[in-house]
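In what follows, a structure is listed as structure tokens, so that the remarks can point back to it.
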Amino acid sequence: MCAKDKANFVRMSFLNELNDAQRAAVTHIKGPLMVIAGAGSGKTRVLAYRIAHLIQNGVDPFQILSLTFTNKAAAEMKHRIASLVGEADARNIWMGTFHSIFARILRNEAERINYSRNFTIYDTNDAKSMIKDVLKELGLDDKIYKPSNVLSRISSCKNNLIGPEDYRNNIDLINEDHMSGKSKMVDIYERYNNKLFNASAMDFDDLLFKTNILFRDNPDLLLKYQHKFHYILVDEYQDTNFSQYLIVKQLGKMHENVCVVGDDAQSIYSFRGANIQNILNFRRDYPDYKMYKLEQNYRSTQTIVNAANGIIAKNKDQIKKNVWTSNDQGSVIGLYKAVSDNEEGAYVANHIFATKKEEGIDYNGFVILYRTNAQSRSFEESLRKLNIPYKLYGGTSFYQRQEIKDLIGYFRLVANHKDEEALKRTINYPARGIGKTTLEKVQVISAERNTSMWEVILTPQQIGVNSGTALKLSEFTTMIRSFAVGLETAPAYEVAYNIASSSGLLKELYNDKTPEGVARYENIQELLNGIKEFSDKIDPANPHKVNTLSEFLIDVALLTDADNEDSAEKEKVSLMTIHAAKGLEFPFVYIVGLEENLFPSMMALNSREELEEERRLFYVALTRAEKKVTLSYATTRYRWGQLTYGEPSRFIDEIDDNFIDKKGVSLNKPSEFSRPKIDFGKERQGFNSGRVGEREPRMLSDTPDIPVNFTPPVKKDAIPSGNFKKVDAAQSKPAGPILQLESGMTVSHEKFGKGKVLKVEGEGADAKATIFFPSEGQKQLLLKFAKLTIID
DNA sequence: TTAGGCGCTGTTTTT
DNA sequence: CAGCGCCTAA
């Protein structure tokens, strides 16, 4: 078979793998199209095949712009396309997240918007820190103007392309601020933007905002990119915001070969400005668009598909579609009620261990999904106890760690001297006697002169510090400048290593022999190793090219450690938030922490819209599963260091009884779903002293034997939590004796004094008594918490 | 100027 | 519980 025939053969065979709707979407070449793709309906496959199909029909990969939601999705897509059309073509497609693609374009065209191509991308922490500085400069109270609130308001403005000027002219916004007592909001916004500019920095939203500005103010450039991108594809279209929508619209104007793929039922990013409206806008902008609906689910069992359909049907806002599957019925959804967050962790870990054995499937087939990152701890601990390897996605990512940010701070400052957040971070770490006082002076002067801090410390004599400090400042600027040698020309690792060691940072960490210090040193080594790898990588198309630190820095702010796929794909259980799981699939899915106020989140109970988004999130979670879903919740949980009581999530009850097995729960606790509410208001102090959970009976019928001398692989990515002591302490502390009370007894309570027992219910750990205290009235107390003594 | 201790306060999801 | 800002001692 010659190459051409082979290509034809491949094409024929991959088109045959598609169903009618999929094939129609893939082979639709010219003109706008929208693909509404139900969960598990082969959306990624359609996108990948469509791109492959375009290339096979003579489209130059350089003319294809494919926008994905995460870097990971982009990498996966490239991989798939490479297997269809070959590595060389796949590499040349413009594929990535909105943020990374347009950061790249902004760097290339930086001078058009008065920026240097070395601009820094500020992450959320940098941005918040800058907001705090703005508040200080304006003399505003950060209790009223909470930095995170301010930032999210600014962010939503930017996502809707409302700049400070527009804000000032927008009566509604100004009124809103006035009503809420935050009339200075617009001043903060303006000054914040100004400071970003002085620091030669952009926040995440700026990357999109400034792209719009760039295209608005430079028609020639817009034309250039319109010409360039003959074909545009947008994944997860339901999660794009207005700013992104407009970029796509502008770029697509010339060829109108715009393909958007999405599912309104999986829209879970409205907090980030995502707007369903964009789907309607698309219809308006391209009246002759074609729509394809992918409704056959290939991923999940009938049980899962039907349960998920039932859930989403409870939402009012949605595009009607009929997701179905011809897969097996499969097993019912499991439900487990745990008495504590730790016990929930133990149950899930044990269940995974047992299921793996039973099904002969490896650990990659399992995922634990939770609503908030903070929930990961109990699962990590339980998995470690069973020596089950796991990988934690999200959370405090590698790049967010203090020591990593410190070193990258140096890199950033070297590349962009104006980077104020980097300067603040590095100027006195390691300590060089440039303290708070000096820094404040510098900040005040730079604000007065409307310039960067770097500019100010270049001439330290002018800022009224003593000569010793002035000397230290000029030593610092000299050092930073010396680091810049080779930034654009030498291999990244050489420059990076020199900075790490000459700045004194490496030594500082090396000298710290505490366990945390050692871990930090190792993390720095890991970063340096990563840079070494980057340096050594050879581009086959350009083998003599040097990979510089400047290039390494370009995308570092946009990386999350989910993108650092482990080189060796060792088998591991995945732990992540539901948001992070979007687009992924696993045979066995555990959705945990299904409690009111946690999932749905307490923050989302104020409106129908918010609750519906939580419900879509639950829908996304369910539809990640291929074979089996297991739900769990805990009746008690530590939140913010406090023991709290939870009720089962409403979402559990929203699942049709045919698809869920509630036996495990009702056997333990017949009255669970109608458990009387207990007012714990006054007893709270009492609860703090007692710890629950750890010593509860496990209630597991299938608890596997735990291998005693299983040697755990040392896992770098299994993040040391350093928090084991506390758990162990809690475990070894025996539970207070549970008194055998009977009604009629007189007892004494630490806080409430003497009281008379009226009623005793339940047994063991769950026993509770109704007691009448003359001073307090009638109380219901759980005996395992209440410190009671029997008087007679 | 720095380090360390104390008390206060939020409590979601992410590029 | 964590991360912070504020205070004090050296």
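In what follows, chains carry the letters A, B, and so on, assigned in the order in which the sequence lines appear, proteins first and then strands, with residues in each chain numbered from 1.
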- Is the NZ or CZ atom of K391(A) both under 6.0 Å from the centre of the six-membered ring of Y393(A) and within 45° of that ring's axis? yes
Exercise. Is the distance between the ring centroids of F197(A) and Y115(A) under 6.0 Å?
Worked result: yes
Q) Would S100(A) and T97(A) satisfy side chain to side chain donor-acceptor pair (under 3.5 Å), going step by step from the backbone distance to the final call? A) CA-CA 5 Å; S100(A) 66; T97(A) 63; 3.1 Å; yes
Sorted by chain and residue number, the salt bridge (Lys or Arg N to Asp or Glu O under 4.0 Å) partners of E585(A) (sequence neighbours excluded) come out as R299(A)
Side chain to side chain donor-acceptor pair (under 3.5 Å) filter on E613(A), not counting sequence neighbours, yields S270(A), R616(A)
Evaluate the side chain to side chain donor-acceptor pair (under 3.5 Å) criterion for residues N212(A) and S243(A): first the C-alpha distance (whole Å), next the side-chain angles of each, then the deciding distance (0.1 Å), finally the verdict.
CA-CA 7 Å; N212(A) 274 296; S243(A) 184; 3.2 Å; yes
Note: for F98(A) and R432(A) on DNA chain B, the residue whose nearest nucleotide lies more 5' is R432(A)
Under-4.0 Å side-chain N/O to phosphate OP1/OP2 contact, N373(A) with dT12(B):
no
_What contact category does N428(A) fall into here, base, sugar-phosphate, or nothing, at under 4.0 angstrom with non-hydrogen atoms?_
sugar-phosphate
Side-chain contact check for K132(A): nearest option of dG10(B), dG5(C), dT14(B) is dG5(C)
Give me the ring orientation class for F651(A) and F618(A): parallel if the planes are under 30° apart, tilted from 30 to 60°, perpendicular past 60°.
parallel
Winner on side-chain proximity to R377(A), out of dA2(C), dT12(B), dT15(B), is dA2(C)
Original post:
Counting just side-chain N and O atoms, does K472(A) come under 4.0 Å of either OP1 or OP2 of dT1(B)?
Top reply: no
**Asked** Looking at T438(A), does any N or O in its side chain come under 4.0 Å of the phosphate oxygens OP1/OP2 on dT1(B)?
**Response** yes
Whole-Å distance, I154(A) CD1 to dT15(B) P, equals 21 Å
Rounded to whole Å, the NZ-P distance (K158(A) to dT15(B)) equals 18 Å
Result for 5'-nearest mapping on DNA chain B, choosing between S100(A) and K143(A), is K143(A)
>> Would R107(A) pass as a cation-pi partner of F119(A), given that its NZ or CZ must be under 6.0 Å from the six-membered ring centre and within 45 degrees of the axis?
In response: yes
Rounded to whole Å, the CE-C1' distance (M576(A) to dT15(B)) equals 17 Å
Ranking dT2(B), dT15(B), dT14(B) by distance to the side chain of H579(A), first place goes to dT14(B)
Between CG of N241(A) and P of dT13(B) the distance, given in whole Å, is 20 Å
note: K436(A), atom NZ; dT8(C), atom P; distance rounded to Å ~ 12 Å
* **Any T437(A) side-chain N or O less than 4.0 Å from OP1/OP2 of dT1(B)** => yes
Among the nucleotides dT15(B), dT12(B), dT14(B), whichever has the atom closest to the side chain of H99(A) is dT15(B)
note: Q402(A), atom CD; dC4(C), atom C1'; distance rounded to Å ~ 13 Å
| task | Check every strand shown and say whether T124(A) touches a base, only sugar-phosphate, or nothing at a heavy-atom separation below 4.0 Å. | result | base
### Query
Which part of the nucleic acid does K128(A) contact within heavy-atom distance under 4.0 Å: base, sugar-phosphate only, or nothing?
nothing
So, with a heavy-atom separation below 4.0 Å from DNA chain B, the residues of residues 262-271 of chain A are Y269(A), F271(A)
Between CD1 of I434(A) and P of dT2(B) the distance, given in whole Å, is 9 Å
Whole-Å distance, R371(A) CZ to dT12(B) P, equals 9 Å
For T70(A) and dT14(B), is the shortest distance between a side-chain N/O and OP1 or OP2 below 4.0 Å? no
- Task: Report which part of the nucleic acid R639(A) touches: base, sugar-phosphate, or nothing (heavy-atom distance under 4.0 Å, all strands).
- Result: nothing
